[in-house]
Amino acid sequence: MPAYPSESDLPMTGLPRSLVQAGHLNAAKADLLLKKSAMDNIPFIDVLLQSGDIESRALAMYCADTFGYPFIDLTTFNASFCPSQLIDARLQRNQRVAPLAKLGNRLSVAMSDPTNTQALDQIKFQTQMTVEPIVAEHAPLLRLIAQITQSTEQTLNDIVGSERETPVAAGLAAINMSNADVDDAPVVRFLQKVLTDAINMGASDLHFEPFERFYRIRFRVDGVLRDIVQPPLAIKDKLASRIKVISNMDIAEKRAPQDGRLKLAISKTRAIDFRVSTLPTLHGEKVVMRILDSRQAQMSIETLGYEQDQKDLLLDTIQRPYGMILVTGPTGSGKTVSLYACLNILNQPGINIATAEDPAEISLPGINQVNVNERAGLTFPVALRAFLRQDPDIIMVGEIRDLETADIAIKAAQTGHMVFSTLHTNDAPSTLTRLINMGIPPFNIASSVIMITAQRLTRRLCTCKQPAEIPHHVLLDAGFEEYELDDTWCAYAPMGCDNCSGTGYKGRVGIHQIMLITQEIERLILAQATSQEIEAQARLEGMETLRQAGLKKIRQGLTSLDEVISCTNL
């Protein structure tokens, strides 16, 4: 017979203590219910309501009155309004909580036991938001939680079940995995749903990440990774193998990184490409999928966030017959999309355009695109040398990574070709010193580079934005001038609604820094001036910093101060 926990092991706190003190439950009965809760490993409130000592509705009203929280009737509540993605589904079910609404940085959650401070702490830690409890009746709350969490994890339970019922053969068969095993219907349905959900949410990347004790799937939406679901750990190998099969990878190779591509047809007229990368980690293969939407390549200059003067300068410069234009910024800052937008403008019947990319992310009709393949010996320098024998007018190099690539690209710009490329630098002025540090002679840089643009992507405020009360000195510290801080405008902050899934942001907008290489800057390049000296001269000639460009977006109400500060330096 299992020994019941002693009374000293079960201190009466929280809801049972409150009910005893209020006279709704005697101490002996409360102690008995606590022991049963501990022995059966189920929440106290379940045991209490099963005992019939108090009605569910009466308990909810008592909790609301006693602990000072509002009460909500969930029988008429629309589950589609819940920002369910903010709290992990497993946490919702284990702790009996349901997210109801997000207002700014405040998250309202329904719970039947408001003394469950552990749940509130876990939600606060996971969301980094202020959590406001709302009391709900227990049974309707459980139905709501089941409704809003019944999505991808339901399919996952089927997958795990089928996996347990079908033993995997030992030895070589277990490594190679037969097509029937990889093409298991639940895996196919689940992956199809994940990919479709990612597209519908506007995600740019999907991360499938195995860890020692859990497995999670995250989407990068508007530049920020969001936890979507934590499937059972048992599914990780099947899911990775399914992705590798449809991406034309070797499913038997699990010790080395692999790259692949797949195409998902979402309608008769639209298909989405995915670039897939696998990486062996300590606890299994991590898979990252980049969504390559060809509609991004058709984006016009007007939609990328350039100010009117920046757009005019860029459009004028790309029409020059020769020279080099560089786009800089970190990974994920939209450099490739900006280059595609420029190439679309220049893509005319009388122009020969060739691109070397690693890989070519989006297919552009009318443009000769080459995938770099180092294993086959097709490197950036090899591709560039071949381009020069193909009578090109415009050349685009996906990224300048080494001295040899930079040297050939610069020589092409010096011999009558327009060359576009990207670099990973913090801003436009530091790009020139980066090229010098790579070993390019200053006179070659001065005679070839005609424009450098640096850019960042900030999240765009949703239409639910609200005026923000920001102290005067904070705005000044951020870079605003005193004369700009009048009563004719106000900064905005995110609020959260159904349209933006409670985040307060919907989409992204670019902030750009454009530096034209003038004669004075050429002189500084030849003198091997520092990036600070080059920046000072460029600002005298009218160049804005990335921070100044971001402040303009704040004044236009497009983004928030926090967003601009997070991605720019003064």
Start with the C-alpha distance between Arg456 and Leu546, add both sets of side-chain angles, then the distance that settles side-chain contact (heavy atoms from CB on, under 4.5 Å), and finish with yes or no. CA-CA 8 Å; Arg456 300 290 188 276; Leu546 283 167; 3.7 Å; yes
Closest approach of [X] and [Y], non-hydrogen atoms and distance?
X: Pro133; Y: Met111; value: CB-SD, 3.7 Å
X: Arg57; Y: Phe71; value: NH1-CZ, 3.7 Å
X: Leu457; Y: Gly332; value: CD1-O, 3.7 Å
X: Asp197; Y: Phe219; value: C-CE1, 4.0 Å

side-chain contact (heavy atoms from CB on, under 4.5 Å) evaluation trace for Ile291 with Ser204: CA-CA 5 Å; Ile291 298 178; Ser204 61; 5.8 Å; no
Short side-chain to backbone donor-acceptor contact, [X] and [Y], under 3.5 Å:
X: Lys286; Y: Ser277; answer: no
X: Ser566; Y: Glu563; answer: yes
X: Arg460; Y: Lys506; answer: no
X: Asn200; Y: Thr196; answer: yes
X: Gln92; Y: Ile87; answer: yes
X: Ser247; Y: Met249; answer: no
X: Glu253; Y: Arg255; answer: yes

Starting at CD1 of Ile235, measure out to CZ of Arg242 and round the result to the nearest 0.5 Å. 12.5 Å
Regarding Arg459 and Asp222, does a basic nitrogen lie under 4.0 Å from an acidic carboxylate oxygen? no
Can you confirm whether Asp46 sits close enough to Phe44 that some side-chain heavy atom of one is under 4.5 Å from a side-chain heavy atom of the other? no
Would you mind reporting whether Val327 and Gln455 have side-chain heavy atoms less than 4.5 Å apart? yes
A quick test of your reading: do over 12 heavy atoms of other residues, nucleotides or ligands sit less than 6.0 Å from CZ of Arg218? yes
Quick check: are there more than 12 heavy atoms from other residues, nucleotides or ligands sitting under 6.0 Å from CD of Glu55? no
Among Lys254, Gln258, Lys244, Lys236, find the residue that satisfies the side-chain hydrogen bond (donor to acceptor under 3.5 Å, both in side chains) test when tested with Glu285. Lys244
